[in-house]
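So you know, we letter chains A, B, ... as the sequences are listed, proteins then strands, and number each from 1. Being a predicted model, the structure only gives us computed values, none of them experimental. Just the heavy atoms: all of them, side chains too, but no hydrogens, waters or symmetry mates, feed the values below.
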Amino acid sequence: MVLKVFNTLGRKKEEFIPVNPGEVRIYVCGPTVYDYIHIGNARAFVVADVVRRYLRYKGFKVKYVSNITDIDDKIINRARELGISTQELAETYSNAYLEDIAKLNIERPDVMPRATQHIPEMIEAIERLIEKGYAYVVDGDVYFDISKFKDYGKLSGNRAEALEMGARIEVNPKKKNPADFALWKSRKPGEPGWHSPWGKGRPGWHIECSTMAQKYLGETIDIHMGGKDLIFPHHENEIAQAEALTGKPFVKYWLHNEWLTVEGEKMSKSLGNFVTVRDALKICSPVVLRFFLISAHYRSPLDFNRAALKTAERNLERLVRALERLNSIPEREDRTVEDEKLILKVEAEKRKFEEAMDDDFNTPLAISALFSMARLINSYADENKTIERTAKLRVLKVFVDLLGVLGVKWAADKRETRTDELFKGVLELLIDVRNELRRMKKWEIADHIRDELRKMGIILEDAGKETKWTIKREDA
RNA sequence: GCCGGGGUGGCCGAGCGGUUCAGGCGGCGGGCUGCAGACUCGCUGAACAUGGGUUCAAAUCCCAUCCCCGGCUCCA
């Protein structure tokens, strides 16, 4: 089965064929570290993480690079507000970013280049662009001349002529064309700056990504990802810079995710509805947030709200329960027809999962295959008291591997339970007493105990003579 | 003005020319349970924004209309 991806460049699904067979090089635009990342950022990073995991699952060797933008206007302004250095600010929020993605089980990029550590490379790239006639210097600033790059607009569909008409572009008299963009910005008083052939200054935002992407991944990379808002101007400009420099295609496949809305509205500063990952994790667990973020296709809009989180939680719970149930079925030596049937059906669902993912990473459809698997497992468990050992391991492995593609860790994400021995001892004693009452058919008292414990967040579930207990989290 | 994405059952959300119209949530009923939960089976809901058209066949293609949302400016 071939993998198809929707390429923004061309706006259609294409078969995915990496530049080098068996190997995929991915670049993802990382955060500008001037604040905590929000759930929209998280969506982009989770989507990219799923792409990375699935490609690896398919057997590709994946190299994944994602930058950290640690110098730009927003950082400078924020640092000034807080009265700290830009380095200090960037350091603080870089660490916060790393903590946040770790919680969401987003794997660390293989390389996480920082802009400020690649100034020489960027200066060199800018010099070459000037030499080649694609850029010009004005009063210590360097601009890219889009009129020299004839493919300008091929990604976004914007035409240079149309952009000139765009009334909202601030007219900068230094620019030859209003849509020309800065490669190097001269230092203003009070701003940090680096020495360059054009005087002290700092790099423009776009040159950072294309330079670092090419440094670590080569002249033509396989996949470049980001939110759709980056299509223009950021990615358009990256293409211009990179291709002007090398004369070769910069990126083979551009993948862009849709927006996340909050209660039906776009997150924005003016509405004051920015939800950081940290805010979100106050009302749901990380794995639920992650699962929610992939519950719609990455190119569809998705709305963040309590009901949606609640649904995500229940759905995930269903899958994990099935997995745990399978894991707890006692094993036996001989294999039965039922075991064979289970394996065959599970394998069929596995194929459905793969087909869904092969079709431009259709996670909601893939997840539906997981639900079918859960149903198969539950039905099996309803009708069989034991399972043959290797059959169990095989089904378990399929299930765990597929959840792993989605980045849902099973073992590590088990419900938090108190490990406090005293607490456990007392609770288990209480459960024993309650079961004794049940044996004596003292239902009122037994139910009262269950109800009261529930109010405290302790859930009792009777399954025959056994009683399982779990602690329900306060959230949701 | 220039580019672009959408409108699918109570809700979420796949499908994008053709078997019973995914899957989940919710609701109803049965099974299992002392009850509850979990699980399971069945049902649910005349779903495809509207009006035309193309086709043997359209939620899926075309045209028009209405309505949402976004990019063109820092933004995932």
Side-chain angles (χ1 to χ4, degrees), chain A residues 8 11 28-32 34-35 37-48 69 72-75 77 153 155-159 161-170 179 205 225-234 236 256-261 264-269 274 292-293 295-303 305 307-308 310-319 321-322 324-325 352 356 359 362-372 374-375 377-383 438-439 441-444 446-447 450-451 454 459-464 467-468 470:
Chain A
T8 305
R11 297 184 199 281
V28 179
C29 286
T32 298
Y34 70 108
D35 203 346
I37 61 166
H38 61 252
I39 54 179
N41 296 299
R43 182 178 193 190
F45 300 147
V46 166
V47 163
T69 298
D72 94 336
D73 292 339
K74 280 178 299 201
I75 291 180
N77 294 338
L155 182 69
S156 61
N158 286 326
R159 292 166 181 227
E161 312 86 71
L163 288 168
E164 286 185 54
M165 292 164 64
R168 298 166 77 186
I169 294 177
E170 186 185 331
W205 177 39
M225 302 185 71
K228 68 177 240 180
D229 52 312
L230 294 183
I231 294 171
F232 192 89
H234 188 50
E236 193 71 67
H256 296 278
N257 61 276
E258 249 294 343
W259 290 88
L260 186 69
T261 53
E265 287 178 312
K266 181 187 166 177
M267 278 193 283
S268 74
K269 283 157 203 137
F274 255 88
F292 160 73
L293 290 172
S295 66
H297 185 88
Y298 76 93
R299 282 189 291 110
S300 295
L302 178 64
D303 189 57
N305 58 68
K310 184 81 189 163
T311 301
E313 185 183 23
R314 299 205 59 138
N315 285 178
L316 186 59
E317 171 108 6
R318 182 169 161 77
L319 297 180
R321 265 180 183 277
E324 287 177 346
R325 191 171 178 198
K352 281 189 188 170
D359 185 13
N362 192 334
T363 50
L365 193 57
I367 289 168
S368 77
L370 256 26
F371 282 119
S372 302
R375 170 160 291 150
I377 290 168
N378 284 324
S379 296
Y380 181 94
D382 279 353
E383 283 154 29
R438 288 175 64 217
R439 237 160 285 155
K441 301 195 191 303
K442 305 256 185 190
W443 309 123
E444 296 80 13
D447 289 351
R450 187 174 63 198
D451 293 345
R454 172 176 275 273
I459 313 290
L460 297 192
E461 291 184 1
D462 299 324
T467 297
K468 283 199 242 174
T470 47

What N/O pairs connect the protein and nucleotides 15-18 of chain B at under 3.5 Å? Give each pair on its own line.
residue	atom	partner	partner atom	Å
B/G15	OP1	A/N362	ND2	3.0

A/D447: what forms a salt bridge (Lys or Arg N to Asp or Glu O under 4.0 Å) with it, not counting sequence neighbours? A/R450

Applying side chain to side chain donor-acceptor pair (under 3.5 Å) to A/N378 and not counting sequence neighbours gives A/R325

A/R314: partners by side chain to side chain contact (heavy atoms under 4.5 Å, CB included), with sequence neighbours left out: none

Do A/W443 and the base of B/G34 stack face to face, with centres under 5.5 Å apart and an angle between planes under 30°? yes

For A/T261, side chain to side chain donor-acceptor pair (under 3.5 Å) partners two or more places apart: A/D303

Those residues at least two apart in sequence (or on a different chain) that pass side chain to side chain donor-acceptor pair (under 3.5 Å) with A/D73 are A/K185, A/R202

Not counting sequence neighbours, which residues clear ring-ring contact (aromatic ring centres under 6.0 Å, His included) with A/F292? List them please. A/F304

Who passes side chain to side chain contact (heavy atoms under 4.5 Å, CB included) against A/T467, sequence neighbours left out? A/I431, A/R434, A/N435, A/R438, A/L460, A/D462

How far, in whole Å, is B/U44 from B/G37 if one measures between their P atoms? 23 Å

Taking N or O atoms only and anything under 3.5 Å, show me the protein contacts with nucleotides 67-69 of chain B, one pair per line.
none

RNA chain B in dot-bracket, Watson-Crick or G-U pairs under 3.5 Å, [ ] crossing, | other strand? ((((((((.[[[..)..(....]]]((((((.......))))))....[[[[[..)....]]]]])))))))....

For A/V47, what residues pass the side chain to side chain contact (heavy atoms under 4.5 Å, CB included) criterion, not counting sequence neighbours? A/R43, A/M225, A/Y298

Once side chain to side chain contact (heavy atoms under 4.5 Å, CB included) is applied, do any residues pair with A/E265, and if so which ones, sequence neighbours excluded? A/L271, A/N273

